[in-house]
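What follows is one structure encoded as structure tokens, with my remarks underneath.
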Amino acid sequence: MNEKNNQETTKGQLILRDRLAENRTVLANERTLLSYVRTSLAFLAAGLSFIRFFDSVVIAAIGWVFLPLSAFSIIRGLLSYRKMNVLMAEEENKEVRKAP
């Protein structure tokens, strides 16, 4: 009897552990998206500052390079975030179908 309770407790802990791991994965995905957004905003701010506040043609050209980098960074982050969400949803659907 005691062994049966231990097995149920262990199974319950594994389920809880799996849920916590899933939550950590979701949060990591969101942190990654936010880091892409932060990088994109930094490129945008640097690019606009270089273009607006410096009279040098070279520095203004660097500023114009930062603007497409900003757009690329945000698009890359959104695509990465979406791809990971789709993968997590597919894995969750597999687990739901496996459950009795």
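Reckoned from all heavy atoms, side chains included, excluding hydrogens, waters and symmetry mates.
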> Are any of the side-chain heavy atoms of Arg19 and Ile15 separated by less than 4.5 Å?
Replying inline: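 A side-chain contact exists here, since the closest heavy-atom pair is under 4.5 Å.
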
> Counting N and O atoms only, with roles assigned by atom type, does the side chain of Ser70 sit under 3.5 Å from a partner on the main chain of Phe66, one being a donor and the other an acceptor?
Replying inline: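 No.
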
>> I'd like to know if the side chain of Thr32 reaches the main chain of Ala28, judged simply by a donor and an acceptor atom lying under 3.5 Å from each other, with no hydrogens or angles considered.
In response: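 Yes, Thr32 side chain to Ala28 backbone: donor-acceptor pair under 3.5 Å.
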
Check for me, please, whether [X] and [Y] land in the same ILVMFWY cluster - side-chain distances under 4.5 Å, paths through other members count.
X	Y	result
Val58	Val65	yes
Leu41	Tyr81	yes
Leu48	Trp64	yes
Val26	Leu87	yes

How long is the span from the [atom1] atom in [X] to the [atom2] atom in [Y], to the nearest 0.5 Å?
X	Y	atom1	atom2	result
Leu33	Arg38	CG	CZ	11.0 Å
Arg76	Leu69	CZ	CG	13.5 Å
Arg82	Met84	CZ	CE	13.5 Å
Tyr36	Ile74	OH	CD1	10.5 Å
Ser40	Leu34	OG	CG	12.0 Å
Leu67	Phe72	CG	CZ	15.5 Å

>> Quick check: closest heavy atoms across Ser73 and Phe43, and the distance to 0.1 Å?
In response: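 Minimum heavy-atom separation between Ser73 and Phe43: CB-CD1, 4.5 Å.
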
>> Does Leu16 form a side-chain contact (heavy atoms from CB on, under 4.5 Å) with Leu20? I'd like the steps, not just the answer.
In response: CA-CA 6 Å; Leu16 176 61; Leu20 292 174; 4.2 Å; yes

